[in-house]
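Read through the structure below, which is laid out as structure tokens, and then see the notes.
Note on naming: letters A, B, ... go to the chains in the order of the sequence lines (proteins, then strands), and numbering restarts at 1 for each one.
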Amino acid sequence: MSGAGLLFAEAEPDGDRPAGGAASLTKADDAALYLELDGWEGPLDLLLDLARRQKVDLRAISILSLVDQYLEYIERADALKLELAADYLVMAAWLAFLKSALLLPAEEQEEPGAEELALRLQLRLARLGAMREAAARLLARDRTGREVFLRGAPEGLRTDRKVKWQCDWFALIRAYGQVKARTAPAVHMVRDRPVMTLESALERIAAMLGVSRDWMRLEDFLPGEAEPGWSRPRLRRSALASSFVAALELARTGQAELRQDGAFQPMLLRRTGS
Amino acid sequence: MPAEEGDPLVRAVEATLFAAEEPLTIAALCAHLGDADAADIRVAIDDLVAFYCGRGVELVRRGAAWHFQTAPDLAHLLRREREQVRRLSRAATEVLAIVAYHEPVSRAEIESIRGVQTAKGTLDVLMEAGWVRAAGRRDAPGRPVIYATTQAFLAHFGLESRRDLPGIGELRSAGLLDPVDDAFDALADPKQSGEAAGPE
Amino acid sequence: MPAEEGDPLVRAVEATLFAAEEPLTIAALCAHLGDADAADIRVAIDDLVAFYCGRGVELVRRGAAWHFQTAPDLAHLLRREREQVRRLSRAATEVLAIVAYHEPVSRAEIESIRGVQTAKGTLDVLMEAGWVRAAGRRDAPGRPVIYATTQAFLAHFGLESRRDLPGIGELRSAGLLDPVDDAFDALADPKQSGEAAGPE
């Protein structure tokens with residue numbers, strides 16, 4: 001493998017590459033050789049590194065010799081019976097194809113032509129090379145925290161949110177009124193509930209029964225809705241309940257008769273008579 | 001234009017003090033700047049002090065050490081206050097009213113007047129607003145803190161003194177003492193609604 | 001002696017920028033300084049930049065924001081005990097450069113330049129450092145996420161804007177920032193193939 005020998009002979013320690021790059025290729029140590037694959041970020045990276053060794057402008061590079069170097073390198077690593085990353089083998093196969101195509105006369109080449117493929121490879125290498133260089137220049141700038149420093153102990157800017165409370169005079173005294181009203185003595189709180197007592201119902205029905213001997217509906221004994229104060233439904237319900245109990249009481253004491261023709265039928269009432 | 005623009009030691013001291021995380025003594029500056037002489041550093045510091053005098057930033061001495069700080073008269077720039085207007089909650093308004101009518105008054109008394117427990121935060125809000133202050137302790141078992149209103153309270157509510165607060169009689173005639181239930185009924189039943197137009 | 005010693009706005013801007021924990025935009029300064037006018041603040045900043053020029057500390061622009069920092073030529077004095085900057089892997093620096101010079105750029109585009117898959121973690125490291133951010137999605141099939149650099153990136157690397165990226169002008173005119181396909185077409189069509197100074 002004379003090519004490999006040439007390659008290694010050409011390799012020089014490369015100051016701006018991190019250790020683990022091609023620099024250690026100079027060691028003629030086969031075991032180390034394969035390990036170095038880890039030092040490249042993939043086949044394109046390895047190709048770029050090899051291309052740089054040609055010490056010419058990337059645009060003037062000989063793709064053919066680059067391909068040879070790559071294949072040489074991979075073959076050598078392969079000869080060590082070490083597993084190679086698939087990416088490198090795929091690239092090797094493609095480059096082998098490219099090489100054979102490049103060696104063919106142009107008219108026998110398939111589309112796309114080998115020259116075109118080679119040119120594309122070259123363009124890719126130029127782009128990667130440009131970015132690698134840009135990264136190095138970027139990192140070499142005056143970086144904050146390395147070459148330039150910010151204020152070590154800035155006071156810091158703070159925005160305090162202060163609440164401005166709002167309350168007006170009327171809200172204040174109304175609140176006091178509500179407190180007083182809420183906690184006023186119990187007599188103020190417990191109001192007369194709108195009811196008709198049993199006594200007044202008894203009195204009312206007894207008085208009305210004296211008027212006629214006809215059957216009358218229980219409801220007819222209630223105060224009319226039109227009578228002042230009797231419009232409230234709660235009060236009317238209470239009057240109905242009290243009047244019913246009063247009617248039962250009158251029936252029990254033999255002063256009245258009760259009749260209902262069926263469930264939910266009107267309750268009828270009349271004076272017992274002789 | 002700064003006269004000493006070029007002096008390398010002044011620049012070095014300036015940058016070092018700027019980047020330092022704590023005030024630096026002359027000795028610390030010497031050590032940091034390698035072979036610099038303490039007397040030279042002292043001169044450089046005097047230079048810088050004079051230079052920054054009257055600017056937005058000053059070089060000041062703290063004990064034996066030096067550091068940059070914002071000019072004291074600009075301290076307000078570092079703490080900006082942004083006001084946010086908020087209405088007092090109903091509970092806080094009630095407590096404020098009770099303090100105003102009954103002061104000085106303890107928290108237990110406030111609670112017994114309100115008939116509800118009063119959260120500590122409610123009084124805090126009133127004190128933060130500057131309307132209520134702690135006014136000593138009552139000479140009673142437990143020596144409870146008692147509260148009173150402040151001058152700011154009178155000013156905010158446009159009162160000359162607490163005597164300007166309407167009396168119970170006035171509150172009643174304004175309908176403000178009607179039980180809350182009645183007021184509710186009045187709202188529900190328009191016929192009964194003696195309009196409870198408050199003052200104002 | 002400083003001539004503009006008295007200008008209150010200059011002092012206020014100076015103090016605020018000194019005290020700030022991060023670079024401030026003119027808008028942020030306006031907001032912080034209350035009623036200040038943007039144009040006036042701009043003038044005050046120009047004043048301060050000129051004033052600090054050549055001192056140990058300088059006022060610099062990073063993107064839309066401004067901050068004070070130590071003069072770069074004093075690095076040797078200050079660097080000593082401080083290595084506050086994390087080391088980036090080679091992959092990360094390469095990805096960072098690609099994002100910076102090509103932004104906005106998708107992950108697939110990054111990978112096509114580098115010729116290798118980019119571990120998810122690599123972009124994460126850059127985003128965690130605050131130098132790269134997701135900048136929306138490309139209006140293309142699959143709507144890939146695209147990445148761009150940040151204000152903090154400019155600040156960290158001492159760039160006023162992306163135009164200051166080292167060599168970006170030459171790279172652009174050499175077509176080295178164009179996709180391979182475009183560059184190939186340009187070469188195939190000799191009218192467009194301007195001479196291009198390659199790197200190195």
When rounded to the nearest 0.5 Å, the distance separating CD1 of Ile110(C) from CE of Met131(A) is 11.5 Å

Take Phe157(C) and Leu139(A) through the test side chain to side chain contact (heavy atoms under 4.5 Å, CB included) and record every step on the way to the result. CA-CA 8 Å; Phe157(C) 290 96; Leu139(A) 289 188; 3.9 Å; yes

Please state whether the side chain, the backbone, both or neither of Leu24(C) comes within less than 4.5 Å of a heavy atom of chain A. side chain

Give, for atom OH of Tyr101(C) and atom CG of Leu138(A), the distance between the pair rounded to the nearest 0.5 Å. 5.5 Å

Can you check whether His156(C)'s main-chain N or O pairs, donor with acceptor, with Arg143(A)'s side chain at less than 3.5 Å? no

Find out whether the Lys NZ or Arg CZ of Arg120(A) is both under 6.0 angstrom from the six-membered ring centre of Phe184(C) and within 45° of the ring's axis. yes

Report which part of Ala20(C) has an atom under 4.5 Å of a heavy atom belonging to chain A: side chain, backbone, both, or neither. both

Treating Thr70(C) as the side-chain partner and Phe149(A) as the backbone partner, does any N or O pair qualify as donor plus acceptor under 3.5 Å? yes

Could you tell me the separation between the CG atom of Asp142(A) and the CD atom of Gln69(C), rounded to the nearest 0.5 Å? 8.0 Å

Evaluate the criterion side chain to side chain contact (heavy atoms under 4.5 Å, CB included) for residue pair Leu150(A) and His67(C); output intermediate values, then yes/no. CA-CA 8 Å; Leu150(A) 304 181; His67(C) 72 186; 3.5 Å; yes

Atom pair CD1/CG of Ile98(C) and Leu128(A) - distance to nearest 0.5 Å: 7.0 Å

Which atoms of Leu119(A) approach chain C - backbone, side chain, both or neither, heavy atom under 4.5 Å: side chain

Asp181(C) portion near chain A, given a 4.5 angstrom heavy-atom threshold: both

Keeping Arg124(A) on the side-chain end and Ser112(C) on the backbone end, is there a donor-acceptor pair under 3.5 Å? yes

Check whether any side-chain heavy atom of Arg132(A) sits under 4.5 Å from a side-chain heavy atom of Arg90(C), and report yes or no. yes

Below 4.5 Å, heavy-atom pairs only: which of Ala97(C), Gly115(C), Ala19(C) has the largest tally toward chain A? Ala19(C)

Largest heavy-atom contact set with chain C, pairs under 4.5 Å, which of Arg127(A), Glu155(A), Arg141(A): Arg127(A)

With a 4.5 angstrom heavy-atom cut-off, could you sort out which part of Phe68(C) is near chain A: side chain, backbone, both or neither? backbone

Residue Gln166(A) excluded, over 12 heavy atoms near CD under 6.0 Å: yes

For each of Ala155(C), Pro166(C), Gly158(C), tally heavy-atom pairs with chain A at distances under 4.5 Å, and name the one with the top tally. Pro166(C)

Heavy-atom closest pair (Leu171(C) atom, Ala134(A) atom, distance to 0.1 Å) is CD1-CB, 4.5 Å

